[in-house]
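On a predicted model such as this, the values are computed, not experimentally measured, just so you know. Counting starts at 1 for both ligands and their atoms, in listed order.
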Amino acid sequence: MTCQEFQALLLAGETNPAMAAHLPGCATCRAERASLEDQRDLLAQPWVWETPDAGLEHRIVADIAAASRPGRNRSFGRKRAWAVAAITAVISLVSGGWWLSTRPDWSLSVPATVRNPDAIAVVSGWNSGRGTQMLLDVKGLAPAGRDAYYEIWLTAPDGRHVSAGTFKGSGEIEAFVAVRRVDYPRIWITREPEDDDLSPSRYVVFDTGYLTE
Ligand SMILES: [Zn+2]
């Protein structure tokens with residue numbers, strides 16, 4: 001069994017003795033295993049398939065055709081074709097922001113501070129094993145201007161914080177942070193001068209406090 005076959009079958013939700021035999025001798029597949037299992041679980045969710053992007057079906061068909069060209073190992077058969085389709089779907093979903101087409105796990109309006117009282121920030125979040133994917137919809141926030149930017153922070157009750165990225169003003173902002181929101185419940189946004197101080201400034205434009213959704 002090749003690595004490609006092993007990984008395709010794993011994605012397809014398959015377990016068999018040949019796969020079990022491959023794993024102990026293959027560091028590559030051992031290293032990929034957890035990630036592939038995450039993707040397999042993702043593929044098993046019905047919502048993944050609710051809103052495929054326009055080119056997906058075409059690419060799956062092309063890949064199945066390529067996988068079943070004469071001269072290839074035919075014993076793998078339909079299962080292989082299915083697995084190739086699954087891999088294609090995963091690549092497409094991961095690279096295409098699959099989370100945008102799914103329902104967020106949580107969504108909340110982050111209160112504006114006196115700095116920009118009329119500004120609105122709605123944050124939607126998708127929880128995953130790797131962290132939290134967020135989409136911010138920010139309206140009415142003045143541009144940060146030259147030599148400054150806005151920075152998104154998540155903070156734990158004990159005061160530890162992590163930056164979820166920076167942006168320049170109103171609009172839709174995609175952000176990812178490698179922590180769970182349940183551990184870092186406070187979401188807040190500061191305006192930061194471009195300097196060598198990497199800690200949050202006191203210029204806070206949005207802040208949930210420690211509210212949870
Ligand atoms: Zn392998």
Student: Any side-chain donor paired with an acceptor under 3.5 Å for T2 and Q4?
Tutor: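 Absent: no donor and acceptor within the cut-off.
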
Student: Name the atoms and distances for all side-chain donor-acceptor pairs under 3.5 Å in residues 135-150, with sequence neighbours left out.
Tutor:
residue: D137; atom: OD2; partner: K139; partner atom: NZ; Å: 3.0
residue: Y150; atom: OH; partner: A142; partner atom: O; Å: 2.6

Student: What residues, two or more places apart in sequence or in another chain, satisfy side chain to side chain contact (heavy atoms under 4.5 Å, CB included) together with F176?
Tutor: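 F176 satisfies side chain to side chain contact (heavy atoms under 4.5 Å, CB included) with R130, Q133, A178 once adjacent residues are dropped.
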
Student: Which atoms form the tightest heavy-atom contact between I187 and W106, and what is the distance?
Tutor: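 Looking at all heavy atoms of both residues, the closest pair is CD1-CH2, 3.7 Å.
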
Student: Could you list the donor-acceptor pairs under 3.5 angstrom formed by side chains in residues 112-119, with sequence neighbours left out?
Tutor:
residue: T113; atom: OG1; partner: R115; partner atom: N; Å: 3.2
residue: T113; atom: OG1; partner: V204; partner atom: O; Å: 2.5

Student: Listing by chain and number, which protein N, O or S atoms are under 2.8 Å from the Zn ion (ligand 1)?
Tutor: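 Only C3 SG, H22 NE2, C26 SG, C29 SG fall inside 2.8 Å of the Zn ion (ligand 1).
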
Student: So among D183, T208, V162, which one has a side-chain contact (heavy atoms from CB on, under 4.5 Å) with L154?
Tutor: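 Per the side-chain contact (heavy atoms from CB on, under 4.5 Å) rule, the option paired with L154 is V162, out of D183, T208, V162.
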
